[in-house]
Undergrad: 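Here you go, one structure.
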Amino acid sequence: MKQNAIAIDGPAGAGKSTVAGKVADLLGFVYIDTGAMYRAIASKVLDGGIALTDLNQIAELARRVRIRISREQGELRVWADGADVTEKIRNPEVTAAVTSVSQIPAVREAMIGLQRELAAEGSVVVDGRDIGTVVLPEACAKIFLTASVTERAQRRWQEMKEKGYEPDLNVLQQELEERDRQDSEREMSPLIQAKDAVLLDTTGMMINEVVDRIVNIYRNQWSGNA
Ligand code: DC
């Protein structure tokens with residue numbers, strides 16, 4: 001049976017979280033940022049001084065950590081074991097560590113279980129890399145959101161400048177390309193477009209235009225299923 005869920009997948013910097021949050025607000029759905037969950041695990045790994053090569057300890061941590069996500073007045077907040085990690089999970093150290101942490105099968109199993117539990121509670125917008133393919137294959141609307149790598153790097157650069165960092169645009173673009181490559185080539189739930197997903201290239205599009213397109217796709221799909 002189809003699930004009242006919108007799955008938004010795509011590469012880093014495609015604007016998934018901004019767009020997904022706005023779509024959720026418009027429709028009154030809960031927004032689940034799965035990248036933030038992997039980031040929360042990576043942040044706990046770094047805080048605990050666990051080596052990125054210690055797969056057993058990381059798996060153990062992923063199974064017991066309590067992650068909570070909420071959206072208040074348009075702002076996503078993330079907690080890990082009761083501590084607010086919202087800002088911390090976006091720092092460059094976590095960003096550098098999260099790709100390898102998210103490749104560990106036991107970490108993915110724990111997170112996928114949690115994501116499905118959260119999605120089962122009601123109508124949701126879920127963004128990530130493997131939502132339409134693995135986490136919620138029955139989502140009634142699936143979007144594969146992308147944009148040119150230069151535009152994605154430019155957006156990330158802007159975001160980081162606003163947070164007070166001094167990023168180098170070329171380095172950011174190389175890092176994005178490397179993360180895309182690793183996310184796409186990993187064995188377990190790689191980043192790929194689901195067969196039934198709509199491809200949306202947002203290069204040159206305004207955020208609200210993208211949001212409207214997704215809401216329309218959802219309405220068409222859901223009315224076809226209801
Ligand atoms: O979307 P993001 O940049 O916050 O994602 C952080 C990392 O987590 C990124 O390296 C890809 C990974 N990720 C994943 O493997 N599967 C998901 N469903 C979401 C994110």
Side-chain angles (χ1 to χ4, degrees), residues 5-21 24 31-46 52 58-59 62 65 67 69 71 75-78 80 85-119 124-137 139 142-147 149 152-153 155-160 163 165 167 172-194 197 202:
I6 303 177
I8 303 180
D9 291 302
K16 296 186 298 296
S17 43
T18 309
V19 165
Y31 167 42
I32 304 170
D33 178 343
T34 65
M37 293 179 164
Y38 290 102
R39 284 172 179 274
I41 303 287
S43 162
K44 292 283 288 184
V45 168
L46 296 179
L52 290 175
I58 298 175
V65 71
I67 296 176
I69 294 188
R71 191 166 162 88
E75 291 283 332
L76 187 87
R77 300 222 72 83
V78 185
V85 294
T86 309
E87 272 79 39
K88 199 185 209 174
I89 60 169
R90 307 286 163 194
N91 78 29
E93 292 75 31
V94 172
T95 300
V98 67
T99 309
S100 44
V101 168
S102 70
Q103 285 174 4
I104 301 170
V107 170
R108 298 206 73 81
E109 270 163 34
M111 290 305 104
I112 291 171
L114 180 58
Q115 290 154 17
R116 287 183 179 149
E117 274 173 34
L118 293 173
V124 288
V125 180
V126 189
D127 77 352
R129 305 292 191 287
D130 57 343
I131 311 306
T133 48
V134 174
V135 181
L136 304 175
K142 297 183 187 177
I143 316 292
F144 195 84
L145 206 66
T146 186
V149 70
R152 291 188 285 124
R155 290 178 190 166
R156 272 284 147 99
W157 181 82
Q158 189 66 37
E159 260 171 41
M160 292 188 73
K163 286 183 188 157
Y165 294 105
L172 271 186
Q173 179 163 332
Q174 281 163 19
E175 284 172 359
L176 274 183
E177 284 172 325
E178 177 56 21
R179 281 175 67 198
D180 289 351
R181 190 187 62 72
Q182 291 195 32
D183 288 344
S184 307
E185 289 179 1
R186 71 169 171 236
E187 229 164 272
M188 194 176 174
S189 21
L191 167 69
I192 43 166
Q193 184 180 342
T202 67

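When a ligand or atom number is given, it counts from 1 through the structure's own listing order. Computed from a predicted structure; not experimentally measured.
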Undergrad: Please list the nearest protein heavy atom to atom 4 (O) of ligand 1 with its residue and the distance rounded to 0.1 Å.
TA: Arg39 NE, 2.7 Å

Undergrad: For ligand 1, which atoms sit closer than 4.0 Å to a heavy atom of Gly128?
TA: 17 (C), 18 (N), 19 (C)

Undergrad: Determine the minimum heavy-atom distance between Leu145 and Thr202, stating which atoms define it.
TA: CD1-CG2, 3.5 Å

Undergrad: Would you mind listing which atoms of ligand 1 come within a distance below 4.0 Å of any non-hydrogen atom of Arg108?
TA: 14 (C), 15 (O), 16 (N), 17 (C)

Undergrad: Could you identify the single nearest non-hydrogen protein atom to atom 1 (O) of ligand 1 and state the distance to 0.1 Å?
TA: Arg129 NH1, 3.0 Å

Undergrad: Can you see which heavy atom on Ile112 is nearest to which on Ser189, and at what distance?
TA: CD1-OG, 4.2 Å

Undergrad: Kindly indicate, with the supporting measurements, whether the criterion side chain to side chain donor-acceptor pair (under 3.5 Å) is fulfilled by Asp127 and Tyr31.
TA: CA-CA 8 Å; Asp127 77 352; Tyr31 167 42; 3.0 Å; yes

Undergrad: Relative to the heavy atoms of Gly35, which atoms of ligand 1 are at a distance of less than 4.0 Å?
TA: 4 (O), 5 (O), 19 (C), 20 (C)

Undergrad: Please list the nearest protein heavy atom to atom 10 (O) of ligand 1 with its residue and the distance rounded to 0.1 Å.
TA: Thr99 OG1, 3.3 Å

Undergrad: Using a 4.0 Å cut-off to any heavy atom of Ser102, which atoms of ligand 1 qualify?
TA: 12 (C), 15 (O)

Undergrad: Grab the two heavy atoms, one from Val94 and one from Ala42, that are nearest each other, plus how far apart they are.
TA: CG1-CB, 4.1 Å

Undergrad: What residue and heavy atom of the protein are closest to atom 19 (C) of ligand 1, and at what distance?
TA: Thr34 OG1, 3.3 Å

Undergrad: Considering only non-hydrogen protein atoms, determine which one is nearest to atom 3 (O) of ligand 1 and report residue, atom name and distance to 0.1 Å.
TA: Arg179 NH2, 2.7 Å

Undergrad: Taking all non-hydrogen atoms of both residues, which atom of Pro137 and which atom of Val134 are closest, and how far apart?
TA: CD-O, 3.4 Å

Undergrad: Should Asp130 be counted as touching ligand 1, given the test is an N or O pair under 3.5 Å?
TA: yes

Undergrad: Grab the two heavy atoms, one from Ala147 and one from Arg152, that are nearest each other, plus how far apart they are.
TA: O-NE, 3.0 Å

Undergrad: Taking CD in Glu187 as the centre, count heavy atoms belonging to other residues, nucleotides or ligands within less than 6.0 Å. Is the count above 12?
TA: no

Undergrad: May I have the step-by-step check of side-chain contact (heavy atoms from CB on, under 4.5 Å) for Arg179 and Thr95, ending in yes or no?
TA: CA-CA 10 Å; Arg179 281 175 67 198; Thr95 300; 3.8 Å; yes

Undergrad: Out of curiosity, is Arg186 lining ligand 1, as in a heavy atom under 4.0 Å away?
TA: yes

Undergrad: Show the atoms of ligand 1 that are less than 4.0 angstrom away from any heavy atom in Asp183.
TA: 9 (C), 10 (O), 11 (C)

